[in-house]
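Working notes, beginning with the structure itself.
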Amino acid sequence: PPPRGHSFFLLALPSMMNSTFWWRRRIVASVMSFFIVFRRDVKGFVQTFRRVPRHIGILPSGHTTLRREESQHSQLVLRLLNSPPVRPLTSSALVSAISSSKGSDSETAGGTEDQLIERRIAAKGDQIRQLKADGMSKEDLAPHVEELLALKALANPGEESKREVVKKTEGRDKVKKSGNKNGGGDASESEIRQARLDKVTAMVEAGQNPYAYSFNPTHTAAELKCIYEGNLEGGEEDENADVSVAGRIMTRRVFGKLAFFTLLDESGTIQLQLDKKRLGAAFKDLKAWTDSGDIIGVRGTIRRTDKGELSVYCTEWKMLTKSALPLPDKFHGLTDISKRYRQRHLDLIVNSDVRDTFRKRALMTSALRQQLNDLGFLEIETPVLHNEPGGAEAKPFETYHNSMGMDLTLRIATELHLKRLIVGGFHRVYELGRIFRNEGISTRHNPEFTSVELYQAYADYNDMMELTEDLICGMCQSVHNSLRVQYGEHDINLEKPWRRITMHDIVKGQMPEFDFAALDPTDPASVEAAKGAASARGVPKVELLGTVGEVLNACFEELCEPTLIQPTFVIDYPVEVSPLAKPHRTKPGLTERFELFATGREIANSFSELTDPIDQRERFEAQALKKAAGDEEACGVDEDFLLALEQGMPPTGGLGIGIDRVIMLLTDSASIRDVIAFPLLKKEE
């Protein structure tokens, strides 16, 4: 016979109801009574009857079932079932069903209400053990476990009344349904928040601080995985280990007296194994007070589970910070792009690749600084508030200083102040900092961005090309093991030397029918010829341009720039678009200037710096005329800089690198917002 407690229910077929078979009912009832008196279980099949599947649970009212209830009078309770078996009820429905049937069950069983519940617990426990033995999956078994827990809650409600248990059980079901916030759960975020704040109150009332002051982890998740890599077999424990870790609960799985949490710290994730046997009374608090998103600290040994997962086998736990808001749903994640940028803290919590991007950014900027420091450059900070914007062609942000009564702008470059430091006697200076430009926003442009500008006395733009290669390759090697990186569909090769080509030659490659180098920049007919050739190739707004150099630059930006995927130095720019660069020593009308391009966008800009104060004043005045004519990006005359330049500045090479764009390249990021922790966004309506 099967073990005690594994009773088989017999279901009457519809033909059983026919009076012709009344004698069969009498025989079956007599046989069952005989076995029950001698505490044996009915086994097998009886003709015209079939066995009830083991997963049958408590049935709604209106159904009848044939079942056994042992009571002090050894009575047999028969109920006829007219419908198929049903799945176990949810915990709240179970409690309701038990409560509504207490009167009749108590009477038929001949015992007290508590005895009835205890018998139900025993029967359900036997059923769950058998289902496990039969190989039922955890997902299918979960409703049965939930049903058993609800029965136990009714049997041992503690200081709470059974009505409070019912209320808590229903609340638990409701919060579970709301796990997928986007999936139409019953509970709103405000309701979940209130439920979590109620737990904060419960902790305070129990004398526990839900917002701890400190905790001392001995290891990070990554350190533990490194230490135990290749050690411990499945099911084996390092009982001599005594480790402490702290982090955020990302997933939380509770199975009665056993729980598994996934803990996230800065280095990665590690599993926590928690059970009632080790934690004692603290296990009950763990189940009652914790949620995903909470920050906890634990202490324990190290164990590798039977499935091979390295785990901290906890002996202690402590709430460090109770989270009032839930994490994004683990299946859908945080996919709303705007929300990712606005709530970057959530983006960092749930997306490991985002954390990796900003970790790499920090390593690269640190490597850049170290390289410059090793080369003898000094980082000296310059003002953010300027009387006169300069150093670039860009529209500035305007502000006003109240106590000084001054109109000011945020800096659009650090160039002019750093050059004044060169005049003052420093030979190598740089600044890595924020720049502000009141311009449009795109995947390549943000109103505030990070750049490094550096100036080296007694150097020219050829020296700056070599320095640019060294700096960017050094940044790459700080986070990659190779100078070949993947950017989208392109394999970018950063191995030196990089391609060098003049602006005239690269435009000639796209417009072989027209040669800008053959034009006389001072001849008005040359300007019109250049405009005509550019218009024929679809270059926009050339009719607004007034010089050959400006038309050449427009053709380059429209026709050539998007094609520059591999790192390329474009050199020798027209003087009209390079107001701070020294005239080319052999090519009239051009300057000793280069820009570095890769993946179709500008990354760096460099000059042999203009040191002639008279030439510099003339260029500033030409820019001022453009500004007066309505050009918002033109600069004015900076008299303080001209005064310093007249004191004498040595031959100098200058370089500016857009840090955000380099980070984009080296982390395969499609948008500049992906590499700026908190990009500027429009205000939500």
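No hydrogens, no waters, no symmetry mates; every other heavy atom, side chains included, goes into these values. The residues of the chain are indexed from 1 along the displayed sequence.
Formation of a donor-acceptor pair under 3.5 Å by the T315 side chain with backbone atoms of R299 is found in this model. A donor-acceptor pair under 3.5 Å is formed between the side chain of T365 and the backbone N or O of R361. For the pair S214 (side chain) and A212 (backbone), a donor-acceptor distance under 3.5 Å is absent. Side-chain atoms of S311 never come within 3.5 Å of backbone atoms of Y313 as a donor-acceptor pair (strictly under, hydrogens ignored). The backbone N or O of K199 sits nowhere less than 3.5 Å from a side-chain atom of W289 that would complete a donor-acceptor pair. Using a distance-only test at 3.5 Å, with no hydrogens or angles considered, no donor-acceptor pair links the side chain of Q194 to the main chain of E191. Distance alone, capped at 3.5 Å, is enough to place a donor-acceptor pair between the R304 side chain and the N231 backbone. D356 places no side-chain N or O within 3.5 Å of a backbone atom of R359 that could act as its donor or acceptor partner. At least one donor-acceptor pair closer than 3.5 Å links the side chain of E236 to the backbone N or O of E233.
Inter-residue side-chain proximity for V429 and E453 is flagged as unmet; no heavy-atom pair is nearer than 4.5 Å. A 4.5 Å side-chain heavy-atom check between D291 and I192 finds every atom pair outside the cut-off. At least one side-chain heavy atom of F436 sits under 4.5 Å from a side-chain heavy atom of V384. At a threshold of 4.5 Å between non-hydrogen side-chain atoms, the residues R340 and N351 count as touching. Inter-residue side-chain proximity for T357 and M664 is flagged as unmet; no heavy-atom pair is nearer than 4.5 Å. Put simply, the side chain of V245 reaches to within 4.5 Å of the side chain of L224, judged on heavy atoms. Side chains of T409 and T399 form no contact here, defined as non-hydrogen atoms less than 4.5 Å apart. Contact annotation: the side chain of I121 approaches that of L148 to within less than 4.5 Å [non-hydrogen atoms, C-beta and beyond].
For T290, the side chain to side chain donor-acceptor pair (under 3.5 Å) partners at least two apart in sequence or on another chain are R252. Residues satisfying the ring-ring contact (aromatic ring centres under 6.0 Å, His included) test with H386, not counting sequence neighbours, are H417. Remark: R355 engages no residue in a side chain to side chain donor-acceptor pair (under 3.5 Å) (not counting sequence neighbours).
Between I349 and L264, the shortest heavy-atom contact is O-CD2, 3.5 Å. Minimum heavy-atom separation, G235 to D306: CA-OD1, 3.3 Å. Closest approach of L327 to I249, counting heavy atoms only: CD1-O, 3.8 Å. Residues L363 and S478 come closest through the heavy atom pair O-OG, 4.0 Å. Minimum interatomic distance between P210 and V204 (heavy atoms only, all atoms of both residues): CD-CG2, 3.9 Å. Contact between Y487 and I492 at its shortest, heavy atoms only, is CB-CG1, 4.0 Å.
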R248/D294 under salt bridge (Lys or Arg N to Asp or Glu O under 4.0 Å): CA gap, chis, key distance, verdict: CA-CA 6 Å; R248 190 181 299 275; D294 293 346; over 6 Å; no
Candidate pair L494 and R484, rule side chain to side chain contact (heavy atoms under 4.5 Å, CB included), full reasoning: CA-CA 6 Å; L494 296 176; R484 301 184 76 95; over 6 Å; no
Side chain to side chain contact (heavy atoms under 4.5 Å, CB included) evaluation trace for L372 with L471: CA-CA 8 Å; L372 290 172; L471 293 177; 3.9 Å; yes
Candidate pair Y430 and L378, rule side chain to side chain contact (heavy atoms under 4.5 Å, CB included), full reasoning: CA-CA 6 Å; Y430 78 96; L378 299 177; 5.8 Å; no
Verdict with supporting geometry, T305 and Q273, side chain to side chain contact (heavy atoms under 4.5 Å, CB included): CA-CA 9 Å; T305 66; Q273 181 176 344; 3.9 Å; yes
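Between the NZ atom of K682 and the CD1 atom of I441 there is a distance of 8.0 Å, given to the nearest 0.5 Å. Rounding to the nearest 0.5 angstrom, the gap separating the CG atom in L408 from the CZ atom in F397 is 15.0 Å. To the nearest 0.5 Å, atoms CD1 (I302) and CD (E239) are separated by 13.0 Å. Here OG1 of T269 is found 8.5 Å from CG of D265. Values are rounded to the nearest 0.5 Å. Taking CD1 from I435 and CG from L410, the interatomic distance works out to 10.5 Å, rounded to the nearest 0.5 Å. For the atom pair F449 CZ and I659 CD1, the distance stands at 11.0 Å (nearest 0.5 Å).
Applying the salt bridge (charged side-chain N to carboxylate O under 4.0 Å, His left out) definition to pairs two or more places apart or across chains, those involving residues 431-443 are R411-E431, R434-E448. Residues in residues 272-288 take part in these salt bridge (charged side-chain N to carboxylate O under 4.0 Å, His left out) pairs, two or more places apart or across chains: E237-R278.
Looking only at atom types and distance, the side chain of R342 has a donor-acceptor partner in the side chain of S338 under 3.5 Å away. For the 3.5 Å distance criterion, the side chains of Q343 and D347 fail to qualify, holding no donor opposite an acceptor. Side-chain contact, Y228 with D238: a donor N or O sits under 3.5 Å from an acceptor N or O. Checking R303 against Q271 by side-chain atom types alone, no donor-acceptor pair falls below 3.5 Å.
The environment of CD in E381 is sparse: at most 12 heavy-atom neighbours from other residues, nucleotides or ligands sit within 6.0 Å. Under a cut-off of 6.0 angstrom, the local environment of CG in D353 is crowded, with over 12 non-hydrogen atoms contributed by other residues, nucleotides or ligands.
Taking a cutoff of 4.0 Å between a charged side-chain nitrogen and a carboxylate oxygen, E147 and K124 qualify as a salt bridge. Note on R369 versus E379: salt bridge recorded, some NZ/NE/NH1/NH2 to OD/OE distance being below 4.0 Å. Ion pairing of D660 with R444 is absent here, as no side-chain N (NZ or NE/NH1/NH2) approaches a carboxylate O to less than 4.0 Å.
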Taking only distance into account, with no hydrogens and no angle test, what donor-acceptor pairs under 3.5 Å do side-chain atoms of residues 665-672 form with protein atoms, sequence neighbours excluded?
unit_1	atom_1	unit_2	atom_2	d
T667	OG1	I663	O	2.6
T667	OG1	S669	OG	2.8
D668	OD1	G488	N	2.8
S671	OG	R673	N	3.2

